[in-house]
Amino acid sequence: MTSASELTMLQAVNEALHGEMARDERVVVLGEDVARNGGVFRATEGLFEKFGEQRVVDTPLAEAGIIGSTVGLAMAGLVPVAEVQFLGFSYQAMHQIAGQVARLRYRSRGRFEPAITIRAPFGGGVRTPELHSDSLEGQLANIAGLKLVAPATAADAKGLLATSVRDPDPVIFLEPLRGYRGIRGEVPDGEHLVPLGEAREARTGDEVVIIAWSHQVELACRASDALAAEGLSVAVLDLRSLVPLDLAGIAAAVDRCGRAVVVEEAVQTGGFAGEVVATIVEECFWSLEAPIVRVSGYDAPYPVGQLEDTYVPDEARIAAAVRRVLEVA
Amino acid sequence: MTSASELTMLQAVNEALHGEMARDERVVVLGEDVARNGGVFRATEGLFEKFGEQRVVDTPLAEAGIIGSTVGLAMAGLVPVAEVQFLGFSYQAMHQIAGQVARLRYRSRGRFEPAITIRAPFGGGVRTPELHSDSLEGQLANIAGLKLVAPATAADAKGLLATSVRDPDPVIFLEPLRGYRGIRGEVPDGEHLVPLGEAREARTGDEVVIIAWSHQVELACRASDALAAEGLSVAVLDLRSLVPLDLAGIAAAVDRCGRAVVVEEAVQTGGFAGEVVATIVEECFWSLEAPIVRVSGYDAPYPVGQLEDTYVPDEARIAAAVRRVLEVA
Amino acid sequence: MARPTEDQLRAILVDMVAARTQAGRLWNLQRQGRVGTLAPIDGHEATIAATAHALDPAEDWILPQYREPLALQRFGPEVLEQYLLYNVGHPDGSRLPESVRVAPLQISLATQVPHAVGLAWGMTLRDEPGVVTVFFGDGSSSEGDVHEAMNMAGVLKAPVVFLCMNNQWAISTPLHQQTAAASLADRAVGYGIPGLSVDGTDAAAVYEVVDEARTRARSGGGPTLVEARVYRLGAHTTADDPTRYVPPEDLEAARRDDPIDRLETHLEALGLWGDEDRATVQAEALTLFDGAFERAEAWPTAPGALMDHCFAEDSQRMARQRRDLLGVAGSSGEEVR
Amino acid sequence: MARPTEDQLRAILVDMVAARTQAGRLWNLQRQGRVGTLAPIDGHEATIAATAHALDPAEDWILPQYREPLALQRFGPEVLEQYLLYNVGHPDGSRLPESVRVAPLQISLATQVPHAVGLAWGMTLRDEPGVVTVFFGDGSSSEGDVHEAMNMAGVLKAPVVFLCMNNQWAISTPLHQQTAAASLADRAVGYGIPGLSVDGTDAAAVYEVVDEARTRARSGGGPTLVEARVYRLGAHTTADDPTRYVPPEDLEAARRDDPIDRLETHLEALGLWGDEDRATVQAEALTLFDGAFERAEAWPTAPGALMDHCFAEDSQRMARQRRDLLGVAGSSGEEVR
Ligand SMILES: Cc1ncc(C[n+]2csc(CCOP(=O)(O)OP(=O)(O)O)c2C)c(N)n1
Ligand SMILES: Cc1ncc(C[n+]2csc(CCOP(=O)(O)OP(=O)(O)O)c2C)c(N)n1
Ligand SMILES: [Mg+2]
Ligand SMILES: [Mg+2]
């Protein structure tokens, strides 16, 4: 049996990076302020001291250059783990992410292995300046050739990141800003791997299933617990990875509950929640006893501090949505 | 009564640009090869000769510079109409499109008016090199602050483009490569305006509605006509604009037919068809008599020439989908 | 190229001292949790204030990065007022009145640089005489947008002053890891435009080069790249701990070149400045600040502001979202059938 | 810096003549609709072939834009074979065997330039001796990626040869509208790296500068920017009509400097080249080409190739899509429950 420690998501991410760099010397970490400073959130703390300036590199301030160079590093047989300081700045590198990283294997017909991981913090609730909190999953999921991973717990942050670094395909690894210090939990010591594409039942239940990922899982669980007090049995399905998507896991939960709420923080139109709804309709339309409700951000840019709490879905909005799908006879 | 002429979509786009530049001297056209060469497809033909090098400008080869400069031009009170030579290269400017163009009004709280239009050809079927055919609607629709217009007919190409240029908000105007010369029809002469956000019933019908936009409308209509020969009544709803989306128009069609097929050319996961399905579920779940089926590209990059026809939805795939939603008793 | 008059130098110093004083107050308010993360101005005052004084607020534009507002008094008192509103997290903090030719702060680094080219180009198309000065840091200079913009401006001969504030750091990344260039002004030749490097702690020198660049731009001579060499005397932001990476000896050396001390010494020698002047300016700066901050904290916020100005008019979906939002602000806002 | 030997010059000429000959054949095939849109090599042969001969195919890499393949014989016959497969629209056309250190063509302009930096950097991390040469055009040089890459390479001292093929045009946009720079080599100083401008129609001169840059890179001296000045003698692509914008007199002047004529004259004077040599080379080039093209046209395509190599393993959804695709390839492939 393996021992475990109580860690924050941030510590879990850091532990995974230490573990992977120690395990595989092909792993290199690059990005803005990731070396001497250990990252602006300390996610890469200690790597520079432990693995040296050759493998842990502070790059110039140039996202397209950073992501573009990971393509070349992969061609050289290395395993780059790049940090985009905030997901909103991945836009500066979108041509490299969508047109190059995502297509390196495809274009070369398997000659080059894009074992590239791009880590980026995202999501709101911590009063950041503009473009630091934006949720872009819906946009990234539409780019063929990319995997999209979004852990909700400290254990998964470690296990999914380790798996992502080892994965032969490019992975965008999303780390919730609010979870860095706000989410903590038991994390297995030593090697810990969690497969991509297997959703996790964060709460069991059979009346409604709330489907979520990343920090929204935490909120969904709180809503589920609150509703349990009212005698409602509300399941929470943590997708863990959006690409690959656990079609069977989603179908099983919806078939069982017959009612579903999908939660995300992004702009509603074109968000990934829409994809989840479409998937449910394709997978288990006949099990549906009520329309699926989306709880999301609004069709407006992620706002400044004073309006953040209005924009970001919270426990109350999620609970209200659950009640709504239950009201339908 | 106004006269009309038979034009290709390309001629219609060109006519709209001529009309808007003549009407409003604040309109400036900029992009790669748009001036002396009249655009690589001749969409801007004659503008340089007619309106001069001040208002029709060949820029350096720099998409972020082009789109970024439209923000400043708008701040100066001009009405920039920029061309991105192929939509796939809007990725190079995505940080300017999503973070700047889309937020100019929002960030300045209404001080600056982003009367910016970004035209871009897209879509497959004409054997272009990589990244020339990609459909990015699903990704662009998730960016709050952008309008997204995708005409399917020559008349709409003129009428929607003229409206887009006059619209006070940023508009991404999508022109189907296959439609440039492949789609032709009667186009009103002189001023012709089509409002944004009003879907068009391209075919009437009451058994199934095919929801589509841009070139897929053409294919959907062919499928509808073929199925009509088998005695099936299949409506085709041309969305015309994805943002703003005609919620009422979609609801009316689905309420009437009870069965729907959504067609798009993009990668399936995260494509805009998913948003349409989610919208239908929200708007008229109880009218649905069968699961909505998506006909789309695959979860792989848009392929090279020999595989194009396999990738792009065609009349046969659309018809098969219609039959499938009808099979369900 | 004109040297600043003694009156101008004194006016510049007044703005610099006021900025430094207000920056200290703002830092304390941040520590009290009353304002959000912000980037201190310390060390940058001479470059910003002298640039502002070399420009004409009635015709010229300033496109800032995020460190500049406190030293832009010359462009109007609203710059301070809105900056404080911005810092308390109010959306209207990014709105300046039509009369103030200053753009909102830019968080997405370097994206404002192409904006400057479009704005300057647009002004020439409209036969307006103004020049656009755009600020960006040494770190930002590595972004592709700066390249695309400077090259485009060279071709268009757009009246832009590209003001690269080289404070030696991009958060924890030192200049030598940012670029191998001997000087960031060396970028100019690659665009066929003039490039000048100036000691950014010397207000008079900055005024001169900006005046020269502005004069050239106004006479159709096109853009100029100005590198202002300064040193970031404070933390990158209130969220940063520079002791992790800034060599103390470098910081010490830089403090000895504090732009404010330099100009004070100069003007004291001329008998134009003394302790009382400083005391008065500091007192006035704080009075101004405290009044504006009080108004900023009291400024009302409505949940609907979330959707205001996204589009000129709400879309069908936005109208519903707004209705739900207002109906249940903060508690429930998902889309209702 | 080494001058090419006469044997090397002759070998370079052989490749240039073969390339020009095959380009003509390819153009005709395109006109017959047997291959897709392509970009002719005419006028660029000396720069490409001489560069290839200055490199070591066993250790060095070439990252092309899209005009180069026909003159890269030195890197192996597979370059031509796969290029033809690419031109008939087969996905495998972008695959070269492990032994061939040439990357797939790049359509998204300038994106290959940061790749070169990462690859060169990666090779140094792995203690491999090779140098990476990346081709990009004068138009592409305006893209932000080129700036970010050259700056990063300067800091990392990555062994890269940035080869800017300045053929005076980006489709219809002439160099003077692309940049106000006097020379694209002037960009180098802004990154603290050496910049050389060379007459790209002079094979010997190109060989020398590339050899010099390569030697420096291999000895840890870091990257070099090389501007090769040539003139695009043909259309931008088979879809382009240059008569709309290319001044005939410029084209005429350029034809007088045809790189092939230049080198032929030089080697004829040395008695190393004559009409028979040309005839033989042309004949062999066509035989090689025709054989390869026949195989390319006959190469089988399977609909499943659409999804192959997207991921190492299909996702659940992809597996279904593949099943539907194969079940109903070309006729119906929408997702089935
Ligand atoms: C495009 C982008 N990338 C990264 C960041 C995160 N970030 C904020 S400030 C900063 C350093 C900026 O350095 P510099 O341009 O020199 O300005 P300074 O802070 O030194 O004044 C970074 C990396 C950002 N805001 N935008
Ligand atoms: C990022 C991007 N923008 C635009 C295009 C469309 N395009 C293809 S070739 C070309 C001109 C390229 O000029 P240059 O780099 O000088 O290369 P050349 O064709 O002259 O060899 C353009 C604009 C593209 N392929 N990629
Ligand atoms: Mg700096
Ligand atoms: Mg060129």
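To find a chain, count down the sequence lines: A is the first, B the second, and so on, and within it residues start at 1. All heavy atoms count here, side chains included; hydrogens, waters and symmetry mates do not.
- With rounding to the nearest 0.5 angstrom, the NE2 atom of H309(D) is 12.5 Å from the CG atom of L104(A).
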Trace of the side-chain contact (heavy atoms from CB on, under 4.5 Å) decision for R317(D) with T279(A): CA-CA 10 Å; R317(D) 176 164 282 169; T279(A) 300; 2.9 Å; yes

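- Among L63(D), L96(D), N151(D), the residue making the largest number of heavy-atom pairs under 4.5 Å with chain A is L96(D).
- The greatest number of non-hydrogen atom pairs below 4.5 Å with chain A, out of C310(D), A312(D), S94(D), is found for A312(D).
- Counting heavy-atom pairs under 4.5 Å between each of P168(A), G197(A), G110(A) and chain D puts G110(A) at the top.
- For CZ of R36(A), the number of neighbouring non-hydrogen atoms (other residues, nucleotides, ligands) closer than 6.0 Å is 12 at most.
- Between chain A and the residues D308(D), D314(D), V155(D), the largest count of heavy-atom pairs under 4.5 Å involves D308(D).
- A distance-only check finds a donor-acceptor pair linking the side chain of Y106(A) to the backbone of L306(D) [under 3.5 Å].
- Put simply, the side chain of Q92(A) does not reach to within 4.5 Å of the side chain of E148(D), judged on heavy atoms.
- Within the 4.5 angstrom heavy-atom criterion, only backbone atoms of E63(A) (N, CA, C, O) approach chain D.
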Derivation of the side-chain contact (heavy atoms from CB on, under 4.5 Å) call for S69(A) and M152(D): CA-CA 9 Å; S69(A) 69; M152(D) 196 179 233; 4.3 Å; yes

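- Of the listed residues (V243(A), V28(A), T59(A), D246(A)), the greatest number of heavy-atom pairs within a distance under 4.5 Å of chain D belongs to D246(A).
- In this structure, D145(D) and Q96(A) have side chains that are in contact, with non-hydrogen atoms separated by less than 4.5 Å.
- Residue A248(A) touches chain D through both its backbone and its side chain, counting heavy-atom pairs closer than 4.5 Å.
- Minimum heavy-atom separation, R107(A) to L105(D): CD-O, 4.1 Å.
- Neither the backbone nor the side chain of D167(A) comes within less than 4.5 Å of any heavy atom of chain D.
- Interface check for chain D: of the options A76(A), A102(A), P170(A), the most heavy-atom pairs under 4.5 Å are formed by A76(A).
- Both the backbone and the side chain of Q54(A) come within contact range of chain D, each with at least one heavy atom under 4.5 Å from a heavy atom of that chain.
- In plain terms, the two heavy atoms of D92(D) and R109(A) that are nearest each other are OD1-NE, 3.2 Å.
- Here the closest non-hydrogen pair linking E98(D) and R111(A) is O-NH2, 3.2 Å.
- Of the two parts of L30(A), only the side chain, counted from C-beta on, holds a non-hydrogen atom closer than 4.5 Å to a non-hydrogen atom of chain D.
- The shortest distance between side-chain heavy atoms of M75(A) and R101(D) does not fall below 4.5 Å.
- Both the backbone and the side chain of P91(D) come within less than 4.5 Å of a heavy atom of chain A.
- Under 4.0 Å is where a charged nitrogen must lie from a carboxylate oxygen, and between R320(D) and E283(A) at least one such pair does.
- Both the backbone and the side chain of A305(D) come within less than 4.5 Å of a heavy atom of chain A.
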Worked verdict on W121(D) versus V57(A) for side-chain contact (heavy atoms from CB on, under 4.5 Å): CA-CA 11 Å; W121(D) 173 21; V57(A) 180; 3.5 Å; yes

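- Separating the NZ atom in K147(A) from the OG atom in S315(D) is a distance of 8.5 Å, to the nearest 0.5 Å.
- Between R126(D) atom CZ and R26(A) atom CZ the span is 7.5 Å, to the nearest 0.5 Å.
- At a 4.5 Å heavy-atom cutoff, A116(D) makes no contact with chain A through either its backbone or its side chain.
- If you take CZ on F311(D) and CG on L146(A), they are separated by 7.0 Å, rounding to the nearest 0.5 Å.
- How far CD of E25(A) is from CG of L125(D): 10.5 Å, rounded to the nearest 0.5 Å.
- The environment of CD in Q316(D) is crowded: more than 12 heavy-atom neighbours from other residues, nucleotides or ligands sit within 6.0 Å.
- Between the OG1 atom in T111(D) and the CD atom in Q100(A) there is a gap of 3.5 Å [rounded to 0.5 Å].
- Interface check for chain A: of the options G93(D), A120(D), P97(D), the most heavy-atom pairs under 4.5 Å are formed by P97(D).
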